S.K.: 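Mind having a look at this structure? Questions to follow.
Ligands are counted one by one from 1 in listed order, and the atoms in each one are counted from 1 as well. Only a predicted model underlies this, so the values are computations on that prediction, with no experimental measurement involved.
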Amino acid sequence: MITLDNLVLSYPDGARRLTALDHVSLTADSGELVGITGPSGSGKSSLLAVAATLATPDSGRVLIDGQEITGLGRDAAARVRREQLGIVFQQANLVPSLNALDQLLAVPTLGGGRRAGRAAKASAVELLEAVGLGAQAKLMPHQLSGGQRQRVNIARALVSSPSVLLVDEPTSALDSQARSAVIELIAELTASNGTSTLLVTHDLQHAHRFDRLVTLVDGAIVEPELAAV
Ligand code: ADP
Ligand code: MG
């Protein structure tokens, strides 16, 4: 479970400050998929950055399973990211020289690269199968479609069995069919793995797959537009 409690985040903006998050509170329970939408510049990525310990809020707290993760030192924050968070951004950012399976094996928690043990390999294969890429394990990124690369990216984010999955516009580079499949996959994995998932998306075509949808405007959550769901 992830709890965002009254987050305020501002960026320097000339002599003033720009408020990117304006007292945002939000919770995703285990197994819950919360969609976050809103116009460009409304603070969606800032929200995920704070949740991911990649930005420090001016005030407010982030808790994972009741433990506060805001204000940790660099090493402790890196450990939280490695062990408790799965992070999926717009671009898959795969390592060009590694095949799909090795992308997963290169994650430190699974550990080992070429020396990866049998158990690590088995769990990486299982994850690739879970994202529908069992047959593509040996393919290099350039041999995969955009949708397949994003699936590898999602599988890689799940290597450490994170309790929280943070996903920022995973489908913006994909065609509409691959888009549906990726959202569907994230919804399924959220339920089957019991992750608390925050999914930023412009794409409300799949809003029925969300347990909840929140809309940000100017850094603040606005009342749900029921018509949009
Ligand atoms: P969204 O993801 O909804 O498009 P962002 O969180 O990226 O919105 O941005 C929210 C606001 O904060 C925007 O006005 C943006 O220009 C500003 N912003 C985002 N990142 C930075 C940054 N690193 N430095 C200064 N301003 C930023
Ligand atoms: Mg953004």
S.K.: Number the atoms of ligand 1 from 1 as they appear, then name those within less than 4.0 Å of a heavy atom of A20, with their elements.
M.R.: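 Answer for ligand 1: 12 (O).
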S.K.: Within a distance under 4.0 Å of any heavy atom of S45, pick out the atoms of ligand 1 and give their elements.
M.R.: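 It comes down to these atoms of ligand 1: 1 (P), 2 (O), 6 (O), 7 (O).
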S.K.: With a 4.5 Å heavy-atom cut-off, do L189 and T195 have their side chains touching?
M.R.: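 No, every pair of side-chain atoms sits at 4.5 Å or beyond.
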S.K.: Are any of the side-chain heavy atoms of L4 and L21 separated by less than 4.5 Å?
M.R.: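 When only atoms from C-beta onward are counted, L21 and L4 do not touch, as no gap falls below 4.5 Å.
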S.K.: Do you see a protein non-hydrogen atom under 4.0 Å from atom 26 (N) of ligand 1?
M.R.: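 Flag for atom 26 (N) of ligand 1 set to true, protein heavy atom closer than 4.0 Å.
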S.K.: Heavy-atom count check: over 12 atoms from other residues, nucleotides or ligands less than 6.0 Å from E126 CD?
M.R.: no
S.K.: Among S40, G219, G41, G38, whose heavy atom sits nearest atom 10 (C) of ligand 1?
M.R.: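 Comparing heavy atoms across S40, G219, G41, G38, the nearest one to atom 10 (C) of ligand 1 lies in G41.
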S.K.: Would you list the pairs meeting salt bridge (Lys or Arg N to Asp or Glu O under 4.0 Å) in which at least one residue belongs to residues 191-210, sequence neighbours left out?
M.R.: E184-R209
S.K.: Side-chain contact, heavy-atom cut-off 4.5 Å: Q103 with V95?
M.R.: yes
S.K.: Using a plain distance cutoff, I'd like to know if G43 has any nitrogen or oxygen under 3.5 Å from a nitrogen or oxygen of ligand 1.
M.R.: yes
S.K.: As a test of understanding, state which of D65, I69, V62 forms a side chain to side chain contact (heavy atoms under 4.5 Å, CB included) with I2.
M.R.: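 Of D65, I69, V62, side chain to side chain contact (heavy atoms under 4.5 Å, CB included) with I2 is met by V62 alone.
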S.K.: Do the side chains of I87 and L48 get nearer than 4.5 Å, heavy atoms only?
M.R.: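 No. Closest side-chain heavy atoms not under 4.5 Å.
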S.K.: For atom 19 (C) of ligand 1, find the nearest protein heavy atom and state the residue, atom name and distance (0.1 Å precision).
M.R.: Y11 CE1, 3.4 Å
S.K.: Of the non-hydrogen atoms in R149 and L144, which two are nearest, and what is the gap between them?
M.R.: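 So the minimum-distance heavy-atom pair works out to NH1-O, 2.7 Å.
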S.K.: Keeping waters out of it, list the protein N, O or S atoms under 2.8 Å from the Mg ion (ligand 2).
M.R.: S45 OG
S.K.: Look at atom 5 (P) of ligand 1 and find which of S46, S42, S10 reaches it with the closest heavy atom.
M.R.: S46
S.K.: Going by the atom numbers of ligand 1, which of them fall below 4.0 Å from some non-hydrogen atom of P39?
M.R.: 3 (O)
